[in-house]
Number of protein chains: 2
Amino acid sequence: MKRTHTCGELNLKNVGTKVILQGWIAKIRKMGALTFIDLRDRYGITQLVIGEKLSSSLASLKPEYVIEVSGLVIERKSKNPDLATGAIEIEVNEIVIINKSELTPFEIKNQIESQEDTRLTYRYLDLRRPEMQNNLLVRSQMNHSIRNYFIENNFIEIETPVFGKSTPEGARDFLVPSRLNQGKFYALPQSPQLYKQLFMISGFDRYFQIVKCFRNEDLRIDRQPEFTQLDMEMSFANSEDVMQTIESLVKKVFLDIKKIKINEPITRLSWADAFDKYGNDKPDLRFGYEIKTLNDLFLKTTIPLFENINNKVIRAICVTGLLNKKDLEALTETAKQNSVEILPFVKFNNNEWSGSLASKLSDSEKQSLIEKYNLKEEATILFAVDDYIKASKALGAVRNHIAKLQDLLDPNIFKFAWITNFPLFEFSEEENRYVAAHHPFTMPSDECLDNFDTDKENATAKAYDLVLNGFEIGGGSQRITDPNIQQRMFDAIELTKEQVEQNFGWFVNAYRYGAPYHSGCALGLDRICMLLTGSENIREVIAFPKNSSGIDPMTNAPDAVTLSQLEELNLQIKK
Amino acid sequence: MKRTHTCGELNLKNVGTKVILQGWIAKIRKMGALTFIDLRDRYGITQLVIGEKLSSSLASLKPEYVIEVSGLVIERKSKNPDLATGAIEIEVNEIVIINKSELTPFEIKNQIESQEDTRLTYRYLDLRRPEMQNNLLVRSQMNHSIRNYFIENNFIEIETPVFGKSTPEGARDFLVPSRLNQGKFYALPQSPQLYKQLFMISGFDRYFQIVKCFRNEDLRIDRQPEFTQLDMEMSFANSEDVMQTIESLVKKVFLDIKKIKINEPITRLSWADAFDKYGNDKPDLRFGYEIKTLNDLFLKTTIPLFENINNKVIRAICVTGLLNKKDLEALTETAKQNSVEILPFVKFNNNEWSGSLASKLSDSEKQSLIEKYNLKEEATILFAVDDYIKASKALGAVRNHIAKLQDLLDPNIFKFAWITNFPLFEFSEEENRYVAAHHPFTMPSDECLDNFDTDKENATAKAYDLVLNGFEIGGGSQRITDPNIQQRMFDAIELTKEQVEQNFGWFVNAYRYGAPYHSGCALGLDRICMLLTGSENIREVIAFPKNSSGIDPMTNAPDAVTLSQLEELNLQIKK
């Protein structure tokens, strides 16, 4: 290559060396007879000094021009300790323009003000900004760290098909019309779940893959039509084996990328405990503020709201400090969005009580609250009185909202948790039947193996989710490998023999030929990379994401196609 | 994990150790009071010895059952030196059946006779066969070797979108109807070509990715609707830099996987030379048999076929040995399939001449042939008289056919070649215009930079293909980074401003903001893995391939979808 060095590597050791550098002009400034240029590439910035001799070549230079310079490395007078190359500069003796640049639609620097659609339209320039370069660099390092881990642990990377078969019992599929088999469609995989289970039947023992998956659902802030997951499966392994394997993996990744050493085992919470303490199944453990049930404290209360509550529960969280009116209104709005209409509260300050319920609190209730929460400093207690699920969900949302208000969400602190013992089923109002909460190949827990299909309400699964800072970043389960249990599962979710045969026949049939027990997991790499880089959303860690309408403003995909393209597929668009 | 060892790792050092193994029953044989079982997993086979005490548990065991055994490692009396574990066996004291197996539709062993569609229907069992396990294991190792190489050389892995925009000037796209933007379609990428070029404009400097690509073309033996390529691009790099980078890569991969050390540089041939010597642009260099033009030898001939040939040429190859009638007929058939109707020949044996032309050969012609080919041993010379292109193509096919007949295609010999200086354009009869031979972003060679758009016939490109044993395994080029040259290219292929704007506007616009010069390459990993494993076709190195009708016989994809799925997409199938 023509360049002798990148813009990120020269230092005092190189003083006196003749070099050729190539890169982008980040800045030009004149100081008397001299001109200084910051030359930028992916590796860093190097300062160029240009004397009057070359002033004619200088006249035409502008920011973002790509140039090649030859020169001598010299020591700088005023060093810049923040820059890897800050001790040297290049005394330039030749400049060649490689390519010119028009004025860019936004500046090539961190923290710009542009609309996201402008950034996406000119994504190739947006990706020139250092923070975006760093995001994708971290992503590359993350992938490499993950793959090394699995290869070192005897896993085999196997590719699964992108062109698969559409199956019900999941999210909506993306379809690809077949030209060779007209009127038929491939479906893009929502995950390689069934394929990876077949790999275990094949005896591959340990499989992994970093793979694109697809869900044809409405888009949300944290969702893209295509996303990337780390997918893995292990034979002769139960939930515990997989959780340990994944736990070592994430510790390695955080050590490799963030230089954070996590020694202690990852916290484990049953799904029921997580819901009880945090009101959801992906608790942010960077802060406390656990939800508690306080019915016992208010058995003799005169507070109207707390009297005669029948099946309702009094749930509460106690937070540090005295929340102001504006915050309390905002939190009430959050409770309302979660179907709880009011959010009564009391404030504690120097043994003084105030707030919407304070006047009706009896002395013994005050004393109980002081003991329950070990109150000493200023504190605010927020209550939700409703059925257990509603009250818990609302306070879970309130809890997260408070953390934002109180600035408790340090992006450089990483709190993992395993959530275990998920419900095996959930009731679908739409279909008026129980459906598999995860997927119908999830192994019931040992405790309910005898009656999971008769007591569906209480049946739990050998399933586990990995949670980080309030995000579900992955999940998995032990799979059903016993054809009898599989049949009971299908019966439990009321699939007929014909439905099973048509949709999963090819798959369940495979378990008749000698399957090991096996378990696996999948991690959402877009989200993990978002958290690793402290990004606001997953689009910041994807090179060319779609906007919230599923559109790429750069290419304008999706777009109309020609009539002949549709004719080849024997399709037409309905009026 | 419950198993203490895999079935591939125990040896004499482990004698006396209590172990737990889990695996598949490969074989059961009784010898007197003892029963021997070969227990198989991905890592190997271990012999189990079972005494009469356990005969009751033995009764129900069958091949392909999955079992768990506990026992003691003991030294074998009759050792098996072909097996890594051949010096030991396990004296079993407990057997647990993990899962049963019905009789498999074919035996789990190498070299089975089953129809390919049967193998694909039960692919999970087909993949249990050791040779298929090895194929996918090699593929995993290959991927890892490739990725390590690029990471070590400062390349960044970046994912490109699966959902892109349909563009003309290429193969047919697979389309994905959008539900959120009805009547519009995403297109699946034929390659990440445009995205990776944008990465260079973004300044990522060195990009790589192992990525699925899609072509909606008719299937052939060596083609799948989805395929995997190694894609890379380098900034401030010309063709030479990329060829050197890829050359080091393939040498590393062949060293890592095949333990073959390739010291010499890879042969380079211009496209014109390759065509002249081998009749195609992907010559198999495992054997010689170069094609030569012999017009000069027959200037005064009396052979009717060689007289008055006008613009035709007399092309020939000389092969070792005397081809028999059956072979000659087969070769003539190959010539016919390549539009050359007859394949005259002479045989040379101990200074005796025979064959269809022998009687008319003059003495001086005989002498010239002896000198031209340095004839000493038995040899056959085959002629094709036609226009240069037809004759060369036909003899190119004949040359490959002879190599098969003479068993010259040792799959353990690997002969690479770079083919360079490809034509920049090819004339499309269908469209009645010159089109880009590769793609319209390929940089013209330095020699034709001034006149590539006026002398299209002779314009060549800074493009290069990597060929291995007669297969094109990859290719790339330096890209056009100068907007003026790009405009001349579009003019040369007669694209109007409107067509350019509509199809590539978003892309060519990017080059107005400071692009480095850059070059890249893509390698076909299915083919490379096929060659690495000595497989017959690429389906042998793909876990779940489609058959030649584009169908997966296991899942029956592609398949009909429900009316409501089509309605959500606002599509209907035409009658």
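Lettering follows sequence order; numbering is per chain, from 1.
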Checklist entry - Which of residues 139-148 of chain A get closer than 4.5 angstrom to chain B, counting heavy atoms alone? => result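 Within residues 139-148 of chain A, the residues under 4.5 Å from chain B are A:Arg139, A:Ser140, A:Asn143, A:His144, A:Arg147, A:Asn148.
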Side chain from CB out, backbone as N, CA, C, O: work out which of these in [X] comes under 4.5 Å of a heavy atom of chain B, or both, or neither.
X: A:Asn154; result: both
X: A:Tyr65; result: neither
X: A:Lys212; result: side chain
X: A:Pro225; result: both
X: A:Thr562; result: neither
X: A:Leu194; result: neither
X: A:Glu240; result: neither
X: A:Ile151; result: side chain
X: A:Ser235; result: backbone
X: A:Arg172; result: side chain
X: A:Phe214; result: side chain
X: A:Ser166; result: side chain
X: A:Leu180; result: side chain
X: A:Met234; result: side chain

Please look at [X] and chain A and tell me whether the side chain, the backbone, both or neither of the residue comes under 4.5 angstrom of a heavy atom of that chain.
X: B:Ile158; value: side chain
X: B:Asp218; value: both
X: B:Ile25; value: neither
X: B:Lys546; value: side chain
X: B:Ile97; value: neither

Using a cut-off of under 4.5 Å on heavy-atom pairs, state which of [options] scores highest against chain A.
options: B:Met554, B:Arg123, B:Lys2, B:Gln224; result: B:Met554
options: B:Asp41, B:Val162, B:Ile210; result: B:Val162
options: B:Ala543, B:Pro516, B:Ala557, B:Pro161; result: B:Pro161
options: B:Lys165, B:Glu102, B:Arg40; result: B:Glu102
options: B:Ala515, B:Ala237, B:Ser178; result: B:Ala515
options: B:Leu175, B:Asp552, B:Asp173; result: B:Leu175

Minimum heavy-atom distance between [X] and [Y], given as atom pair plus value:
X: B:Ile573; Y: A:Gly183; value: CD1-O, 3.6 Å
X: B:Pro558; Y: A:Tyr186; value: CD-CE2, 3.4 Å
X: A:Ser549; Y: B:Asn181; value: O-ND2, 3.1 Å
X: A:Glu159; Y: B:Thr228; value: OE1-OG1, 2.5 Å

Item to check | Intermediate values then yes/no, side-chain contact (heavy atoms from CB on, under 4.5 Å), B:Phe163 and A:Leu188 | outcome: CA-CA 11 Å; B:Phe163 289 149; A:Leu188 302 183; 3.5 Å; yes
If only atom types and distance count, is the side chain of [X] paired as donor or acceptor with the main-chain N or O of [Y] below 3.5 Å?
X: A:Trp24; Y: B:Gly203; value: no
X: A:Arg3; Y: B:Phe236; value: no
X: B:Asn216; Y: A:Arg179; value: no
X: A:Asn99; Y: B:Thr481; value: yes

Item to check | Derivation of the side-chain contact (heavy atoms from CB on, under 4.5 Å) call for A:Phe204 and B:Leu127 | outcome: CA-CA 8 Å; A:Phe204 281 107; B:Leu127 293 178; 3.8 Å; yes
Checklist entry - For residues B:Tyr43 and A:Asp205, is any side-chain donor paired with an opposing acceptor at under 3.5 Å? => result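 Their side chains do contain a donor-acceptor pair, which is all the 3.5 Å distance test asks for.
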Residue selection (most heavy-atom pairs with chain B, distance under 4.5 Å) from [options]:
options: A:Gln565, A:Arg129, A:Met200; answer: A:Gln565
options: A:Leu125, A:Ile542, A:Thr160, A:Leu137; answer: A:Leu125
options: A:Thr104, A:Ile551, A:Asp241; answer: A:Asp241
options: A:Glu567, A:Arg206, A:Gln209; answer: A:Arg206
options: A:Ala187, A:Ser101, A:Gly164; answer: A:Ser101

Next on the checklist: Counting only heavy atoms not in B:Lys62 (residues, nucleotides, ligands), do more than 12 fall under 6.0 Å from its NZ?
Outcome noted: no
Could you tell me the separation between the [atom1] atom of [X] and the [atom2] atom of [Y], rounded to the nearest 0.5 Å?
X: A:Arg512; Y: B:Leu103; atom1: CZ; atom2: CG; result: 11.0 Å
X: A:Asn509; Y: B:Tyr122; atom1: CG; atom2: OH; result: 6.0 Å
X: A:Gln133; Y: B:Ile156; atom1: CD; atom2: CD1; result: 6.5 Å
X: B:Asp559; Y: A:Thr167; atom1: CG; atom2: OG1; result: 11.0 Å
X: A:Asp482; Y: B:Lys100; atom1: CG; atom2: NZ; result: 10.0 Å

Item to check | Step-by-step side-chain contact (heavy atoms from CB on, under 4.5 Å) determination, A:Phe544 to B:Phe199 | outcome: CA-CA 10 Å; A:Phe544 296 106; B:Phe199 289 148; 3.4 Å; yes
Next on the checklist: B:Tyr517 vs A:Ile98, test: side-chain contact (heavy atoms from CB on, under 4.5 Å). Steps then yes/no.
Outcome noted: CA-CA 8 Å; B:Tyr517 56 95; A:Ile98 293 176; 3.8 Å; yes
Checklist entry - Which residues satisfy the side-chain contact (heavy atoms from CB on, under 4.5 Å) test with A:Gln182, sequence neighbours excluded? => result A:Asn570
Item to check | Aromatic plane relationship, B:Tyr124 with A:Tyr513 - under 30° parallel, 30 to 60° tilted, over 60° perpendicular | outcome: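 Plane angle between 30° and 60°, so tilted.
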